[in-house]
Amino acid sequence: MPRWGMTIDLDRCSGCQACVVACKQENNVPFATAEDLDAGRGIYWMQVLARVEGEWPHVRMETMPMPCLHCDDPPCTKVCPVDATHKDSEGLVQQSSARCIGTRYCAQNCPYTVRFFNWKKPEFPGAFANYRSPEVAIRPKGVMEKCTLCAHRVKDAQDRAHREGRRALRDGEVTPACAEVCPGRAITFGDLDDPGARVSELARSPRAFRFLEELGTAPKVFHLRETRHGDG
Amino acid sequence: MARVAALALALAGCGAPADAEQPIPFNHAVHVVERKMACVECHEGVLTQAWAGMPSTDDCLRCHAFAFTGNARALEAGKKAAGPDRDPWVRLYAIAPHAQVSHAAHVKAGVVCEKCHGDTGKSVVARRELMLEGEGLMYWCMDCHAERKASLDCVTCHR
Amino acid sequence: MKPPDVPLTALTRREFLQATGAAAGAIGLAAFPGCKPEWFGDGERVPSGPESWYFATCTFCPSLCGTRVRVVNGNAVAVRGNPAHPKNAGALCPRGVAGLQHLYDLDRVMQPAVRRAKDAPLERVSWDEALDLVARKLEELTPALVIDGSRGLDADLARRFAGAVGGHYLSTVYTGARYAWDYERTRYAMFFGHEFLEDAPDLMDSLRAFAQLRGRAKLVMVGSRFGVSAQKADEFVAVRPASEGALARAIGGRMEIDDAATATGLPTATIERLKREFTASAPQVAIGWRLLPDAQEALLWLNQVAGTFGKSGGLSVALPPPFGQWEEQPQPAARPLPAAAAVLVGALRPAHPPAGFVVALSPTLDDAASSANVVLPTTTWLEQEAVHVPVAAGRQVVAYSHPAKELRRVADARPAGQVLIDIAQRMKDARRHFAWPSYHLALRERLVGVHDAQRGSIKEELFTPFMEKLAAAGVWTDERVTNLATYAAEPAPWRAPAGEGLTLLTHATTTLGEGEGANLPWMQELAGWQHHIGWDTWIEVHPKHGFASGDIVEVASARGNVRARVVATEAIHPEAVAMPRGGGRTAGRWAKGRGADVAALLEDPGPTRVTLRRA
Amino acid sequence: MATADHAALVAPLTSTGRGQKLLVAALLCVLAWGAYGYVTQLRDGLQVTGLSRPVYWGMYIINLIFFIGVSYGGTLASAVLRLVGAEWRRPITRAAEATTVCALIVGGPQPLIDLGRLDRAGTILLHPSFSSPMLWDIVAISTYLVVSVAYFWLALIPDAAWLRDARVGGRLRRGLYTVLAAGFTGTDAQRRRLHVALGIVAVAVIPIAVSAHTVLSWVPGLSLVPMWHSALFGPYFVLGAVFSGLATIIVALAIVRRAYGLHDYLRPEHFAKLGLMLLALSTVWSYFTFAEHLTAFYGKIPDELVIAHERVYGRFAKLFLAMALACGVCPLLLGFRRIRTVAGTVAVSLLVLAGMWVERFLILVPSEVSPRLPHEAARYAPTWVEWSELCASLAAFTLLFIGMTKLFPIISRWEVDEAASAHPKGCEKR
């Protein structure tokens, strides 16, 4: 059984937002209107957070691409009163929009704030309805949703491999939408339990770290620290 | 009364009607039992795709243009009734929008069509064989998945 | 919610009421009479069906990335990069992905429209009527001005059209020398005033170069704004605004280091070190963007001194591909003439809308089209058969795209080139220069040349199999490298730019670009992601000026003034302010009135000095 | 059996004044307005609230904690005082128990208002996940409600029997009294059994009440959110609940005293005693509040410090100051005998109630607006829908309480009589 994970190389991320848009498109996440943004209700399964510190000219800017980190010990799943969110057999933290009753407790307990609530019915006005993807269901209002690490792509690839008589996927055979479009190739997806997989190689690198590791959530999405020319 | 129930379920977003008057009076039995046609000949996606696919009237005409002129006229009438850009069939099988079933994956796993679609192939007027809805249907699916050691992860079907 | 598939007409009212009641009961809504089940929908799913993929070239920016478009049930449902394309190798920038919102733009022009009187509304007419009218008017009202925002074959045809009608031709897209940067082998890259990760003449090159050079080359960003490019560079050199030219001269040995230190505000030791590093790290490049002309000159010269032109790891000028030549190119008028009519091609926004009779060839009702006398709907890049020439170092590339036949038409639109042919053929004199019966054949003539060259990635004896292979691959490339050395004159001595006040720095964003993304909601919402701002234009101001984040200020230059939302940040030089481009459109339901158009402030050649006042 | 002495207790059951009718009408209007707001929310979704990411919980959860807190009055005043045998409690137990039941009926369903999918609320019963503190909470609060109702009913039995025998009200009401009286005729055996039962339930209701609020505090307390994740939360919530519950009783008693002319039963010394208890609880509350913030400020764990700072000096400073004055300082005035009058204690109680609502707000919201990772500046301002639900909840509580006073004597007659027969002096009238 694979244990899916991801690495995001901050050295290769330019904050261009391609992953954010590709994710929205792939997963039928509606765009945020100005009012949504103003109220803090945009939905971004993948987003790039930024923080600026220091004084001119000694400034530092952190850019953090932040999908759901798919914790190995997810704090969100255990607080759900109806088991609408759970870690599945391949390690992905999934959210069932059909089971969810909308208590938003999981969102409260997610230290990364990467769970999103449908404050209203998702809207695809006019001809925008045409570009909705058939792969992913559009969630109704009143339920939570979040990054699935493109589990639908994984499942489709597994079905395909099965049809071809293979039991497991090859490394790199399946990529989430964010990784697919990334101009810097900053995002790597794969099986963390496969020691030869590119993703586990990167996750073992000394540059790898996990956000808020001190909370013991054990994310399966690793970030790789930035370096500068001439560093080690 | 069955119709009332079906419509109630449809209105509640629970599913499609169990049977309906089709624009074209298609007879499964003639094709499948008498002519020994395979399901995949008309439902072309079942072996390779998630969707099964419904034949267009053009697909029908590939055979009917030569042989059965009477039926070809019925086809034309049906096509006209359905209007352009719409396939001329009333769907009988529908599951909740948050669930997806891959036909190809099931066929590959050796699930025969009859497991879910019953005797549709032998019917004169097609009707839905599977009367389960909502969670009832889900547990029926899950029983079979458990039996066959298929994945029981929610995301297998709910995506 | 999905409507029931049961024919409702066949039901008795009693049955219907029973059913509705049962449905309401089933949902447990009894307590709320009158509630419709939509209140508690279960979501939706678009039915899947047969899918097909086709290639398209994104024309939102000069990078011209190769995309693959996925079609299901006649709808385009995804835009992805073409992995076999040498430009982007499967990657895309956010604008490319958002092409879907361009294709299904709610402001698409659905059919030709004419404005009968000055302030009358646009009126739908047939293609024939519109084309006849345009041809007649253009023959009456000479000379005509052709303002072109298109790329590729459409642009070639627009230029030809201008020549055929004896008018002047003006392109609003970047048409300067297209330097190809052989970034894979560069060891030292200096970016002058160049937000290379947000705003570049070739954004895809820039984004990919940065990732590939990380750790292998040193990237130095010289500028007065600390954006994401400054953070991601290996070194950020903070200079006074508009003084990049001085640093370039000093590194090139054309200016005393002490003088440059005064001009830029840098310690002399830093300049000395940069000079040492730059000279010692061949192959090196110095790239500038949004600079004053004198700084741009100095950079060209700096590259020449360093010998980067035509060298591996340096810059080169791309050679045109072996296109078949169209016979006899009529030349447009060299100088702008007092025009009585204007033809606008493609998505563009002229700073001054032309006077007189205006014809707009546009896929959407954008700023220019919405005030035109005649609007002729053209296809978007996702719907058009097209040939493009992306610039890639060390390669010649011809990208061919052709929409899948399964893609359902969105509008009664034609390729801009086709519309120009259609107009020209209705004009007495212009007709002879547009002898092709269709755009497709004009395009084919070009590709015949590529076929005849019998080289590169596709070689076929006959043209038809060549076209088939090209359509299947989406791209023809040839490894043949033809680098041209270029010559730059020694720059004039540095002169401090005139003017007082805060220097306005502008940059495009990866989302809005120069405004291409303005009517795409995905781009609007992400425009100011680093400041959590969307759907608005902001101005980055150093806190010492006393403005707080969120304040609305009026920004005034000698040319005009606009309003913007303040972002008080330490990440900007105290003598500078920075604003994004691409806002303040006047048409388009998502773009109209969103933010401000900084183009209204910019002085030519600059620098633009502005004052801020709380609004 | 009814005596002329207790005419004042029966009067509210049989006649209703004009002012009261108007009040009920007004409250019904507020309730209807709340229902309208709620229907709006069902139709348009929770976008009609001021909630957002990351402020996922707001007004409704604050109201939940607030009303469950208010419900503590009954438990404390009645059960505790009954167990320790405080004789002065006798006239106040019934009103206190009534507030408990009313507050639980109003407070318990608050999460349903907050729910994104009301239509799926039944899922909690079909697919419960007992790893969620929210489920423990549902169990704890429903148990608390059941036990509170049982307790209220047990203490009501002799009075119900009295009303049954006195043939008060129409057929329906008499039927109700007959059922509630459960065949009680006042024999010694019955009285003995009643006392035993009351004793048992009074003992049981205290830990159940404590557990209800502790478990409620665990809903935020067991999460990873800084300043919520605190062992202090259980006792802090319980203490705050007792505090606000007591204030509720004081206000409720003062109102029935005035509205129904019960000055003979509820005398100023009752209010003075309750006022002193309020003062005592206020000091404990201040101690908890101090301890909580000292830990944050001294420990300087960045995540917590940010929130504590926001609360005390930042965006919430004004609210914090108001809360500290209302809950920590004003009750101290009750140390003065001159303030410890009926009016004085009621004024302080009202302040305490408002302050405790603000305290719930300050416990929840500042933690939510300061997420660990740099998100957009979050803020929370309740919308008209949320305020409407608060008003409607308060109206519902008041209506329920008025209903109680119209159905049952709001002074426990038998307990008062019992005292009068046991200690004739203790209950004599002026």
Side-chain angles (χ1 to χ4, degrees), chain A residues 9 11-18 20-22 24-26 28 31-34 36-37 42 47-48 50 52 54-57 59-63 97-98 121 125-142 180-186 226-231, chain C residues 40-49 72 75-78 80-81 88 90-94 97-98 100-101 103-106 108 197 204 207-208 210-211 214-215 217-219 226 228 230-232 234 236 238 410 510-511 521-522 525-526 529-530 534-536 542 569-574:
Chain A
D9 190 344
D11 248 358
R12 290 173 151 261
C13 168
S14 57
C16 76
Q17 309 292 306
V20 181
V21 181
K24 288 202 137 197
Q25 180 269 311
E26 175 82 17
N28 287 328
F31 66 85
T33 63
D36 291 340
L37 279 193
Q47 59 189 327
V48 188
V52 175
E55 279 178 27
W56 182 266
V59 190
R60 225 186 99 71
M61 181 178 181
E62 268 181 279
T63 51
S97 70
K121 185 175 188 277
F128 282 3
N130 291 334
Y131 68 63
R132 294 174 303 172
S133 161
E135 258 55 65
V136 179
I138 298 158
R139 283 72 54 190
K141 80 170 184 223
E180 189 181 6
V181 297
C182 178
R185 294 282 170 256
E226 276 182 56
T227 55
R228 286 295 170 265
H229 190 70
D231 288 4
Chain C
F40 299 124
D42 258 348
E44 280 177 86
R45 180 187 289 277
V46 180
S48 62
V72 176
N75 294 321
V77 296
R80 296 282 180 261
N88 53 318
L92 273 186
C93 85
V97 181
L100 288 175
Q101 290 189 332
L103 172 65
Y104 294 116
D105 197 318
L106 273 57
R108 282 295 296 268
L197 297 180
M204 186 48 71
L207 295 177
R208 294 186 66 211
F210 144 75
R214 210 55 209 266
K218 184 165 179 182
L219 306 177
F226 193 98
V228 65
Q231 167 63 31
K232 295 290 176 172
D234 292 298
F236 174 60
V410 178
T510 57
T511 46
W522 278 332
E525 64 170 304
L526 294 168
W529 61 275
Q530 67 275 57
W535 300 88
D536 204 356
H542 193 273
T569 172
E570 288 282 350
I572 181 92
H573 195 287

For chain A, the option from [options] that forms the most heavy-atom pairs under 4.5 Å:
options	value
G215(C), G90(C), P47(C)	G90(C)
A238(C), G81(C), S48(C), A211(C)	A211(C)
L197(C), T569(C), L106(C)	L106(C)
A217(C), G49(C), C93(C)	A217(C)

Task: Sidechain-backbone polar pair: Q530(C) side chain, A50(A) backbone, donor-acceptor under 3.5 Å - done: no
Task: Side-chain donor/acceptor of R132(A) to backbone N/O of V46(C), under 3.5 Å - done: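 Not a single qualifying donor-acceptor pair exists.
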What part of [X] gets within 4.5 angstrom of chain C, counting heavy atoms only: side chain, backbone, both, or neither?
X	result
V48(A)	both
A22(A)	both
E135(A)	both
C182(A)	backbone
R185(A)	side chain
E226(A)	side chain

Task: Close side-chain approach of V77(C) to P134(A), heavy-atom, < 4.5 Å - done: yes
Task: Any side-chain heavy-atom pair of K121(A) and E44(C) under 4.5 Å - done: yes
Open item on the list: Please identify, among P57(A), G184(A), A137(A), the residue contributing the most non-hydrogen atom pairs under 4.5 Å to chain C.
Closed with: A137(A)
TODO: Count the heavy-atom pairs under 4.5 Å between each of R60(A), R139(A), Q47(A) and chain C, then report the option with the highest count.
DONE: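 Most pairs with chain C among the choices: R60(A).
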If you look at every heavy atom in [X] and [Y], which pair is closest and at what distance?
X	Y	answer
Q25(A)	L100(C)	CG-CD1, 3.5 Å
G43(C)	P140(A)	N-CB, 3.4 Å
P521(C)	F128(A)	CG-CE2, 3.6 Å
T510(C)	C16(A)	OG1-O, 2.9 Å
P183(A)	A91(C)	CA-CB, 3.4 Å
L37(A)	W535(C)	CD1-CD1, 3.7 Å

With rounding to the nearest 0.5 angstrom, report the [atom1] to [atom2] distance, [X] to [Y].
X	Y	atom1	atom2	result
R228(A)	R214(C)	CZ	CZ	4.5 Å
F210(C)	R12(A)	CZ	CZ	8.5 Å
E525(C)	K24(A)	CD	NZ	3.0 Å

So which part of [X] gets closer than 4.5 Å to some heavy atom of chain A, the side chain, the backbone, both or neither?
X	value
D105(C)	backbone
H542(C)	side chain
A230(C)	neither
A571(C)	both
L103(C)	neither
V228(C)	both
R208(C)	both

- [ ] Step by step, work out the side-chain contact (heavy atoms from CB on, under 4.5 Å) result for T63(A) and Q231(C).
- [x] CA-CA 9 Å; T63(A) 51; Q231(C) 167 63 31; 5.6 Å; no
Open item on the list: Over 60° means perpendicular and under 30° means parallel, so tell me whether F236(C) and W56(A) are parallel, tilted or perpendicular.
Closed with: perpendicular
- [ ] Check step by step if side-chain contact (heavy atoms from CB on, under 4.5 Å) holds for V52(A) and E570(C).
- [x] CA-CA 8 Å; V52(A) 175; E570(C) 288 282 350; 5.6 Å; no
